[in-house]
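Okay, structure first, notes after.
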Amino acid sequence: MPSTRIRTLSMALPNPTPSPARPTVPDTPTALASPDTLTTLAPPDTLTTSVRPSAPDTPPTPVRPTAPDTPPTPVRPTAPDTPPAPASPNALSDGTAPPPAWRRLPRLDAVDRDVLTLYLFTRVALAVVAYCTAWLFPRSPEAHSPGLFTEVVGQWDWSHYLHIARDGYFPDDPAARPAEWDNREAFFPGFPLVLRAVHLVVPEWTAAGLLVSLVAGAVAVLALARIARLHLPRAADARRAALLLLVSPCAVFLAVGYTESLFLALALPAWLAARRQDWRAAALLAAGATTVRVSGLFLVAALVVHFALAARARGTLRGLPWLAVPALPPFLYSWYLHARTGDWMAWKHAQERGWYREFHAPWEAWGTTWDAAFGHGYTTPYALMWQAELVAMAVGVVTVALLVRARRWPEACYIVLSLWALGTSYWYMSIPRATLLWWPLWIGIASWTLRRPRWLAAWLCLSAPLSVVLAVTFFSGRWAG
């Protein structure tokens, strides 16, 4: 401050002749400039601040001595990079161990419960049809009471499965041997083995067979709904695929003692596991399917195609050895037949003897079936069955074409092999039943009717009556004419 400097100088110089001192103006606080003035006068690159009045002379604030420089905390050297420990094959994507197997079982959600409810309703409906058929078409025209319920539902191929489960393929007891050989080795052993196991709990054979189909059918429709969710916009739309299967023309074979339900209960979860890249589960389930029907080999071919496409995308062949497992049951069955008959392909030759399944060119099989259907060489019930075979073949060909167009090669492979096996016999046989095993067909129709809702009602109005008619023909013993 000016007054302070003057006092300091006066103390340092010698005392001259004093001169009259100019009176000093006492220190007064500097007037604050207005904000507008500061804004106007301040350079553009400086901040505009308010000026506070200077305080009276005060000693400077002592500066605290800084602490002596201390060396920085030494950085702990990091360990050299080491490769991470290999993850367990069963570990999840985040490296954690998977939950126990019982906790990984799929839980039922609202859609699953709806599908099961629909399944039970259709089982009750088929039981009503069987009951009415027993009264309308008794075994004897003069009957005053219907036959046993087990006789109504135990028709056609059921007798083969019953004889295999009860007596074996080659019974030692002469009383168990049929007078004319029934070619029972044409049927794979999976269903008879399950039937014999259930018979230990359910003594009545036909009831045991119905129970096997009932439980297996429930598993099958749940698996179909889960697969449908992968292709349909909403999870609730999966109910439509299950409905279309359950009211399909040949749905009766899902309820009686046939192999369709058990096969689907193994094949559909196998396909679902393959879609999830769980090749071990897919292979084991497919091995079960190959014990039930020869169609299991077509499923294995589809799994191989699906694995090849997935391996090309992932760049790894991990899981490939598991795909050899499903071939083991057919090999063991052929080995057993060879030990008893000396023929490795005894099951195939039995089909040729009993069901005319020797090889014919596809166009020859079509022509023979066409003549049987429309050539008036057979009675009308037989002719109607041949017409159904032709329609089923046409549906299969269209389904394959649509799958190829969509580049769904594994499903197309599965249905192509099925059509080839059934379409190269002397004539067509069992193709309508085989449509039950074509899960891409029912999912495809469900997707199609979602885009065109009116066609769902049209399809159901056509399919449901046919389902009842064919159920009546089966329960009345008129299935094959």
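When all heavy atoms are compared, the tightest approach of Q155 to F475 is NE2-O, 3.2 Å. When all heavy atoms of F374 and L390 are compared, the pair lying nearest together is CE1-CD1, 3.8 Å. Nearest heavy-atom pair, A302 versus Y414, reported as atom, atom and distance to 0.1 Å: CB-CB, 3.8 Å. Between Q277 and H306, the shortest heavy-atom distance links the atoms NE2-NE2, 4.0 Å. Among all heavy-atom pairs drawn from L116 and A218, the shortest one is CD2-CB, 4.0 Å. Minimum interatomic distance between P440 and R408 (heavy atoms only, all atoms of both residues): CB-NH2, 4.2 Å.
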Report the C-alpha separation of V198 and V194 in whole Å, then their side-chain angles, then the decisive distance to 0.1 Å, and conclude whether the side-chain contact (heavy atoms from CB on, under 4.5 Å) test is met. CA-CA 6 Å; V198 175; V194 175; 4.3 Å; yes
Going through the checks in order, is the side-chain contact (heavy atoms from CB on, under 4.5 Å) test met by M429 and T369? CA-CA 9 Å; M429 187 176 294; T369 309; over 6 Å; no
Atom pairs and distances, donor-acceptor, side-chain atoms in residues 323-347, under 3.5 Å, two or more places apart:
from : atom 1 : to   : atom 2 : distance (Å)
Y333 : OH     : E185 : O      : 2.6
Y333 : OH     : F187 : O      : 3.2
S334 : OG     : P330 : O      : 3.0
H338 : NE2    : W344 : NE1    : 3.3
T341 : OG1    : L337 : O      : 2.6
T341 : OG1    : D343 : N      : 3.2
D343 : OD1    : M345 : N      : 3.0
D343 : OD2    : H349 : ND1    : 2.5

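One side chain, R451 or S447, offers a donor N or O that lies under 3.5 Å from an acceptor on the other. Using modelled atom types, one finds no donor on one side chain facing an acceptor on the other under 3.5 Å when comparing T473 with R478.
Remark: R407 pairs with no residue by the side chain to side chain donor-acceptor pair (under 3.5 Å) rule, at least two apart or across chains.
Between the side chain of S213 and the backbone N or O of S261 there is no donor-acceptor pair closer than 3.5 Å. Using modelled atom types, no side-chain atom of Q351 and backbone atom of R357 make a donor-acceptor pair closer than 3.5 Å. Checking side-chain atoms of T368 against main-chain N and O of A365 turns up no donor-acceptor pair under 3.5 Å. Formation of a donor-acceptor pair under 3.5 Å by the W442 side chain with backbone atoms of A228 is not found in this model. In this structure, E389 contributes its side chain and S430 its backbone to a donor-acceptor pair below 3.5 Å. Judged by distance alone, the side chain of S463 and the main-chain N or O of W459 form no donor-acceptor pair under 3.5 Å. Proximity of a side-chain donor or acceptor of R280 to a complementary backbone N or O of G319 within less than 3.5 Å is not detected.
From R275, atom CZ reaches atom CZ of R226 across 14.5 Å, with rounding to the nearest 0.5 Å. Note that the OG atom of S248 and the CH2 atom of W438 stand 12.0 Å from one another [nearest 0.5 Å]. Here CG of D114 is found 4.5 Å from CZ of R239. Values are rounded to the nearest 0.5 Å. Here Y161 contributes atom OH and Y258 contributes atom OH; the two are 7.0 Å apart, rounded to the nearest 0.5 Å. The distance from atom CD of E364 to atom OH of Y426, rounded to the nearest 0.5 Å, is 10.5 Å. For the atom pair CH2 of W322 and CG of L303, the computed distance is 14.0 Å after rounding to the nearest 0.5 Å.
Remark: R293 is not positioned above the aromatic ring of F188, lacking an NZ or CZ atom under 6.0 angstrom from the ring centre and at most 45 degrees off the axis.
The aromatic rings of F170 and W181 lie parallel to each other, their planes meeting at an angle below 30°, with 60° marking the opposite boundary.
Counting heavy atoms from C-beta outward, V252 and S467 have side chains that stay 4.5 Å or more apart. For the pair L285 and L272, the minimum side-chain heavy-atom distance is 4.5 Å or more. Looking at L266 and V292, their side chains come closer than 4.5 Å, going by heavy atoms from C-beta outward.
Under a 4.0 Å N-O distance rule, the pair D237/R234 qualifies as a salt bridge. Ionic pairing of D157 and R184 is not present here: no N-O contact between side-chain nitrogen and carboxylate oxygen is shorter than 4.0 angstrom. Salt bridge annotation for D112-R229: present, with a cationic side-chain nitrogen under 4.0 angstrom from a carboxylate oxygen.
Partner W427 forms a ring-ring contact (aromatic ring centres under 6.0 Å, His included) with one of Y382, W386, W355 and no other, that one being W386.
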